[in-house]
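In what follows, a structure is listed as structure tokens, so that the remarks can point back to it.
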Protein chains: 2
Amino acid sequence: MARDPAARPGPRQIDFLADCRARLGFDLLANTWSSVTLWALRDGPLRHGQLKESLGGIRTKVLTETLRRLEFNGLLRREERAGPTRVDYELTDLGRSLLGPIEAVGVWSQQYGDEVLAAQDRAETRAAG
Amino acid sequence: MARDPAARPGPRQIDFLADCRARLGFDLLANTWSSVTLWALRDGPLRHGQLKESLGGIRTKVLTETLRRLEFNGLLRREERAGPTRVDYELTDLGRSLLGPIEAVGVWSQQYGDEVLAAQDRAETRAAG
DNA sequence: CAGAATCCTTTACGATACTG
DNA sequence: CAGTATCGTAAAGGATTCTG
């Protein structure tokens, strides 16, 4: 989504529904690995292999796709350093500016994650019982 | 993702990579309509038709799926009110607690959305030219 | 090491038609 | 009004193999 050039111009506060621009960030993060990948790079550049290790179960192909997409959107930079087969990925300023919102979701998850799981259990019990 | 019962127990600060629980929120929001749907309900209950109108191009089926998923995860509540074929959807406390992080992403989008679009243009120009 | 290539499965999303 | 049913497409993700 997030396409509507003729969106209403006057946002009083934040109106996601009148200003599709406000949905752009969600589109950027609306897949399994984007947020975590950005987060993994918060302390500095990492290489493909290091990222793969940090991110757990991610597959080579999926990691490459994720990195390409994040690069396309200006959130990180791919840099071939000296030495053979040595490639670093690092956040751009734009990517770094997203760490705050990402952290907000992460903090929420840690605070309320148990409640979500409990709700899921309740829903499943209700459906099964 | 976000499944790993044997995750390391000692999170110093916020370590998404050592604590998969912290990724739960991203999983909840990792689709096109979840965030916007929750946001649309911030001012109070809405009915199916009202939501559909608010959310723009969403299809009946997709809206129903989105609502079911959000309900399953305890973020909103489906309530059949008095009167025939009258159903309200309203945020739970848990769902309401997610409005903050959602807003953080929305604010970021409004601040930096243009930069993302510019980066996309640059990437496309570089690829085409 | 950093990936590209290939194949497969699942899921999301969209479009249309129909119903209690 | 609030869906359900069905069909189709596309994208995401996973698994495996191969390469400069």
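Throughout, a chain's letter reflects where its sequence line sits, starting with A, and its residues are numbered from 1.
Of the candidates C/dG20, C/dA15, D/dG3, C/dA15 carries the atom nearest the B/Lys61 side chain, counting heavy atoms from C-beta on. Ranking C/dC1, D/dG14, C/dA4 by closeness to the A/Val62 side chain, first place goes to D/dG14. Of the candidates C/dA2, C/dC13, D/dC1, the closest approach to any side-chain atom of A/His48 belongs to C/dA2. Closest to the side chain of A/Arg68, from the set C/dC13, C/dC1, C/dG3, is C/dG3. Closest contact between the side chain of B/Thr64 and the listed nucleotides C/dC1, D/dG3, C/dG3 involves D/dG3. Among the nucleotides D/dG3, C/dG3, D/dA15, the one closest to any side-chain atom of B/Arg78 is D/dG3. For A/Arg59, taking side-chain heavy atoms from C-beta onward, the closest of the listed nucleotides D/dG13, D/dT16, C/dG3 is D/dT16. The listed nucleotides are D/dA2, D/dG3, C/dA12; the one nearest the side chain of B/Thr60 is D/dG3.
Protein atom CG of A/Leu55 is 11 Å distant from nucleotide atom P of D/dG14, rounded to whole Å. Rounded to whole Å, atom P of C/dC1 lies 14 Å from atom CG of A/Leu46. Atom CG in A/Leu67 sits about 11 Å away from atom P in C/dA4, given to the nearest Å. Between the CD atom of B/Glu53 and the P atom of D/dA2 there is a distance of 12 Å, given to the nearest Å. Atom CG in A/Leu51 sits about 9 Å away from atom P in C/dA2, given to the nearest Å. D/dG3 atom C1' lies 10 Å from atom NZ of B/Lys52, rounded to whole Å. Here the P atom of nucleotide D/dT4 and the CD atom of B/Glu65 are 10 Å apart, to the nearest Å. Whole-Å rounding puts the B/Leu63 CG to C/dG14 C1' distance at 14 Å.
When the shell of 6.0 Å around CD of A/Glu53 is examined, it contains 12 or fewer heavy atoms from other residues, nucleotides or ligands. Within a 6.0 Å sphere centred on CD of A/Gln120, other residues, nucleotides and ligands contribute more than 12 heavy atoms.
Residue A/Thr32 has a polar side-chain atom (N or O) positioned under 4.0 Å from OP1 or OP2 of D/dG13. Contact annotation: A/Arg69 side-chain N/O to D/dA12 OP1/OP2 distance is under 4.0 Å.
Listed for the B/Glu115 side chain is no donor-acceptor partner under 3.5 Å among the backbone atoms of B/Tyr112. For B/Thr92 (side chain) and B/Gly74 (main-chain N/O), a donor-acceptor pair under 3.5 Å exists by modelled atom type. A donor-acceptor pair is defined here as one N or O able to donate and one able to accept, closer than 3.5 Å; no such pair exists between the side chain of A/Ser34 and the backbone of A/Leu29.
In terms of position on DNA chain D, the residue among A/Thr66 and B/Tyr89 whose nearest nucleotide sits closer to the 5' end is B/Tyr89.
Residue A/Arg81 is classed as having no contact, given no heavy-atom separation below 4.0 Å to the nucleic acid.
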